[in-house]
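In what follows, chains are A, B, ... by sequence order, proteins preceding strands, each numbered from 1.
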Amino acid sequence: MGRRILVTSALPYANGAIHLGHLLEHIQTDIWVRYQKLRGNQCIYVCADDTHGAGTMLKAEEEGVSPEVFIERIRKEHIEDFKGFLIEHDNFHTTHSEETRELSELIYNKLNDRGLIFIKKIERLYDPERQMFLADRFVKGQCPRCGSDDQYGDNCDLCGATYDATDLKNPRSLLSGATPELKASEHYFFDLAQYTDMLKSWTTSGAVQPEVANKLAEWLDSGLRAWDISRDAPYFGFLIPGTTDKYFYVWMDAPIGYMASFKHYIKSGNDLAFDDFWQVDSDAELHHFIGKDIVNFHALFWPAVLEGAGFRKPTRIHAHGFITVDGTKMSKSRGTFINAATYLEYLNPEYLRYYYATKLNGTIDDMDINFSDFVQRVNSDLVGKIVNIASRCAGFISKQFGGELAPALHDEALWQKFVDAKDSVANLYEAGDTSKAVREITALADLANQYIAQHEPWKTIKDPDKHSDVQLVCSQGINLFRSLAIYLQPILPAMAEAAERFLNVERFRWDDVDAPLLAHRINKYQPLFTRMDKKQVDKLIEASREDDVSGGETADEGEDAIISIEDFAKIHLKVAEIVAAETVDGADKLLRLTLDLGDEQRQVFAGIKSAYEADELVGRLAVIVANLAPREMRFGTSEGMVLAAGPGDADIFLLSPDAGAVPGMDIH
RNA sequence: GGCUACGUAGCUCAGUCGGUUAGAGCACAGCAUUCAUAAUGCUGGGGUCGGUGGUUCAAGUCCACCCGUAGCUACCA
């Protein structure tokens with residue numbers, strides 16, 4: 001009997017669009033789920049929007065609609081975005097649902113009955129104008145340690161200090177600008193410390209990755225405190241039973257949303273028993289895929305709540321790292337904060353699924369996206385290696401043999417190598433190490449291409465006596481391709497479907513790799529993938545940059561934030577003389593400049609060819625960023641940046657110092 | 001600031017218990033090839049393993065400190 005598995009991805013917060021970061025998690029989960037389904041296991045994948053909290057309430061208010069209307073609109077967008085990336089949630093619900101309310105109340109009542117809930121009066125910052133308590137992110141003021149202004153209520157960006165919002169000097173409410181006052185309020189606490197021993201053994205039992213267990217040990221060893229699970233009105237959420245103005249904190253009901261989504265899935269006509277998956281001795285598996293930033297909620301608070309309420313605990317928490325682009329955080333101003341919907345306007349979703357798959361390894365390391373690497377990997381692996389096998393064999397089979405595959409294999413040993421990879425690829429999928437799985441699969445693709453090159457069907461076809469050899473070789477090639485398509489199905493479901501049509505077969509199953517297709521009629525080959533042009537990616541980045549300008553998002557990244565004098569001092573500007581300038585073969589926009597900085601010469605590539613002739617630049621002075629990291633470019637290394645104004649094309653204007661400046665002078 | 005991770009070829013990443021000359025793919029160069037969507041095959045160049053110091057017969061691997069990146073730090077979600 002197969003395994004029974006319930007899988008979740010972290011719930012996206014219902015105040016913004018799905019972006020590349022969400023997709024890393026959902027694609028990773030989807031690959032794992034599709035693999036389980038392909039194996040014939042019963043695997044249910046549920047998710048939901050995380051809707052509660054002051055965040056959605058205020059955002060809805062900004063748009064002048066009710067929170068309910070606002071979150072439902074977001075949910076529809078999220079569902080569309082995920083569908084566009086072929087992510088097959090069996091149910092995508094909302095935490096603002098009857099199921100979540102019922103289960104939250106049930107769990108709370110059980111915890112309360114067991115004496116795990118207590119009430120304590122605490123003092124929090126209160127906005128007297130808006131008449132509401134303020135979460136840390138809605139308060140700014142001066143850091144109590146270094147005194148820098150404009151810092152949030154939890155920690156200081158500049159000196160790194162952490163503190164309570166009540167410690168801020170000159171605090172102000174971001175909602176009204178008013179000075180917050182301290183106000184006492186009764187909060188409800190969950191007695192987390194009761195479960196310290198349980199959590200110590202659970203976190204080291206293999207339920208979380210070792211590096212995550214290390215991080216959690218820090219919490220466990222320093223002593224768990226009671227967890228504040230209530231928030232005061234006004235709040236968007238569910239009332240705590242027996243109160244009229246205390247709401248469940250969003251992180252209390254968010255994981256309950258996993259249960260609720262599963263419950264709703266059953267209600268929608270699926271014949272499953274809720275208790276089979278959630279009762280304390282359930283033999284079904286429960287897997288949560290999450291980002292490394294929220295491990296404490298999933299691997300401390302959540303298992304303790306489940307334990308306290310008499311439910312089973314998760315089988316495994318799969319934590320992953322974050323996306324960086326060229327080594328740094330996604331950035332709206334650089335156009336690397338890319339939304340799912342924008343991506344889909346320009347590129348095939350399976351390109352991204354494949355690229356992520358080549359890099360996912362089941363650890364919490366961050367994943368760096370490099371767009372030229374992305375283009376190269378997809379083009380050379382998917383189009384050049386894998387799909388090309390089918391493409392180069394199909395013509396012979398359809399033109400010479402009426403679409404009929406040979407009745408026998410030509411190279412049994414080679415075929416067996418493809419069969420033998422099955423368990424190892426399976427284990428890698430199971431462990432979430434899809435990067436190794438892909439490496440094994442592309443190594444097989446290399447063998448297939450070598451095989452075809454060695455047997456040269458395009459030469460054999462000219463010899464009438466060896467006509468049937470061509471059928472043997474190309475049939476072998478197509479069977480090898482079929483194995484690859486099955487192995488890649490979890491990552492590339494649409495490609496696999498197209499391959500099924502080409503091969504004229506039913507839906508792939510994992511065990512199909514055991515036996516080849518022989519004496520079988522296939523259909524005419526249609527290209528499964530087309531090559532990607534870097535220009536499409538450039539357009540996508542450009543479009544994402546525009547999104548930012550028109551979107552008017554609240555600057556939660558601090559993109560255009562005021563910088564300190566220390567930040568400015570990091571930029572070292574110098575006067576430089578352009579001693580040589582020349583065009584670069586093959587480059588449309590670049591000029592290669594040789595700059596004299598007084599004590600050294602540097603080569604800099606500048607994108608100013610559209611506005612300047614090389615000759616007119618020689619001898620003039622320019623302003624250069626002298627400590628910019630050297631950049632490897634296609635035509636060589638660029639060792640700095642020349643400053644210029646203007647929007648681009650013909651309108652580029654180089655900056656120059658007034659008369660008297662000499663090369664090498666510092667600019668302050 | 002404290003903590004948890006990470007830093008290896010131009011790029012993206014492997015590298016097991018410390019053990020021979022540090023590997024792969026992409027990119028690049030040369031040759032071959034023309035079935036395939038300019039797709040393939042063969043060969044090759046390319047490394048101060050972030051830095052400094054230490055432990056050891058032996059360090060990419062262990063230790064200390066430093067630099068850089070990311071996350072957490074319980075009311076941001």
Ignoring the backbone of A:Arg145, work out which of B:C26, B:G1, B:C75 is nearest its side chain.
B:G1
Any strand: nucleotide that pairs with B:U55 via Watson-Crick or wobble, under 3.5 Å:
none
Nearest to the A:Gln376 side chain among B:G1, B:A5, B:C26, which nucleotide is it?
B:C26
Selection from B:G2, B:A74, B:A36 that lies nearest to any side-chain heavy atom of A:Lys215
B:G2
Distance under 6.0 Å and angle within 45° of ring axis: A:Arg231 vs A:Tyr249:
yes
Toward the 5' end of RNA chain B, by each residue's nearest nucleotide, A:Lys385 or A:Gln526:
A:Lys385
Counting N and O atoms only, with roles assigned by atom type, does the side chain of A:His78 sit under 3.5 Å from a partner on the main chain of A:Gly16, one being a donor and the other an acceptor?
yes
For A:Phe401 and A:His467, take the angle between the two ring planes, folded into 0 to 90°, and tell me which bin it lands in: parallel under 30, tilted 30 to 60, perpendicular over 60.
tilted
OP1 or OP2 of B:A39 less than 4.0 angstrom from a side-chain nitrogen or oxygen of A:Arg531, does that happen here?
yes
Please report the distance separating the C1' of B:C11 from the corresponding atom of B:G41, rounded so that it comes out in whole Å.
24 Å
Which nucleotide, in any strand shown, forms a Watson-Crick or G-U wobble pair with B:U33, with both distances under 3.5 Å?
none
Quick note, A:Asp368 side chain, CB onward, closest among B:U12, B:A36, B:C75 is B:U12
If the glycosidic angle sits within 90 degrees of zero it is syn, else anti. Tell me which applies to B:C31.
anti
Looking at B:C75, B:C35, B:U37, which one has an atom nearest to any side-chain atom of A:Val383?
B:U37
Give none if B:C6 has no partner; otherwise give the nucleotide forming a Watson-Crick or G-U wobble pair with it, both distances under 3.5 Å.
B:G68
Of B:C76, B:U40, B:A74, the nucleotide closest to the side chain of A:Ala453 is B:U40
Rounded interatomic separation in angstrom, taking CZ from A:Arg377 and C1' from B:C13
8 Å
Please work out which of the three classes, parallel, tilted or perpendicular, describes the rings of A:Phe297 and A:Phe301, given edges at 30° and 60°.
perpendicular
Span that lies between the P atom of B:A24 and that of B:G44, in whole angstrom:
11 Å
Over how many whole Å does the gap from A:Leu382 atom CG to B:A36 atom P extend?
21 Å
For B:G53 versus B:U16, give the span between their C1' atoms, rounded off to a whole number of Å.
28 Å
Which value, in whole Å, describes the distance between the C1' atoms of nucleotides B:C31 and B:U12?
28 Å
So if I take every side-chain heavy atom of A:Asn388 and compare against B:C11, B:A36, B:G41, which nucleotide ends up nearest?
B:A36
Between B:A77 and A:Tyr249, is there an OP1 or OP2 to side-chain N/O distance shorter than 4.0 Å?
yes
If we take the C1' atom in both B:G23 and B:G60, what is their distance in whole Å?
12 Å
With respect to the side chain of A:Asp365, which nucleotide from B:U12, B:C6, B:G1 is positioned closest?
B:C6
Looking at A:Lys459, I'd like to know whether one of its side-chain N or O atoms comes within less than 4.0 Å of OP1 or OP2 on B:U33.
no
In whole Å, I'd like the distance from the CD1 atom of A:Ile369 to the C1' atom of B:C13.
15 Å
Of the nucleotides B:U37, B:G25, B:C75, which has the atom closest to the A:Asp136 side chain?
B:C75
Rounded to whole Å, the CZ-C1' distance (A:Phe138 to B:C76) equals 8 Å
Geometric class of the A:Phe238/A:His52 ring pair [parallel <30°, tilted 30-60°, perpendicular >60°]
perpendicular
Applying the Watson-Crick and G-U wobble criteria at under 3.5 Å, what pairs with B:U20? Answer none if nothing qualifies.
none
Using the C1' atom as the point on both nucleotides, what is the distance between B:U33 and B:U40, in whole Å?
8 Å
Is A:Asn370 reaching over with its side chain to a backbone N or O of A:Asp373, donor-acceptor style, under 3.5 angstrom?
yes
Phosphate contact (B:U12 OP1 or OP2) by A:Lys359 side-chain N/O below 4.0 Å
no
For B:C17 versus B:G2, give the span between their P atoms, rounded off to a whole number of Å.
30 Å
Rounding to a whole Å, what distance do you find between A:Ile229:CD1 and B:A77:C1'?
18 Å
Looking at the base of B:A77, is there any donor atom on it, or on the side chain of A:Trp251, that sits under 3.5 Å from an acceptor on the other one?
yes
Interatomic spacing from CD1 in A:Ile478 to CZ in A:Arg482 - rounded to 0.5 Å:
11.5 Å
Name the pairing partner of B:C76, where a pair is Watson-Crick or G-U wobble with both distances under 3.5 Å, or state none.
none
Euclidean distance, atom NZ of residue A:Lys292 to atom C1' of B:A77 [Å, nearest integer]:
17 Å
Is any side-chain N or O of A:Tyr525 under 3.5 Å from a base N or O of B:U37, one able to act as donor and the other as acceptor?
yes
Whom does B:C28 pair with, Watson-Crick or G-U wobble, provided both distances fall under 3.5 Å?
B:G44
Between B:U37, B:C76, B:A74, spot the one nearest the side chain of A:Arg137, thanks.
B:C76
With P as the reference atom in both, quote the distance from B:U48 to B:C75 in angstrom, rounded to an integer.
47 Å
Counting only Watson-Crick or G-U wobble pairs whose two distances fall under 3.5 Å, which nucleotide matches B:A38?
none
Less than 4.0 angstrom between a side-chain N/O of A:Asn361 and OP1 or OP2 of B:A14, yes or no?
yes
Can a side chain N or O of A:Asn15 be found less than 4.0 Å away from OP1 or OP2 on B:A77?
no
Is it true that the side chains of A:His410 and A:Asp469 contain a donor and an acceptor less than 3.5 Å apart?
no
Looking at A:Trp227, I'd like to know whether one of its side-chain N or O atoms comes within less than 4.0 Å of OP1 or OP2 on B:C75.
yes
Scan side-chain atoms only and decide if A:Asp164 and A:Thr166 contain a donor-acceptor pair under the 3.5 Å cut-off.
no
For A:Ile364 and A:Phe396, take the nucleotide of RNA chain B holding the closest heavy atom to each; which residue's nucleotide lies nearer the 5' end?
A:Ile364
d(CG, A:Leu300; C1', B:U73) in whole Å
13 Å
Any donor-acceptor pair under 3.5 Å between the side chain of A:Asp228 and the base of B:C75?
yes
Check the distance between B:U40's P and A:Gln450's CD and give it to me in whole angstrom.
12 Å
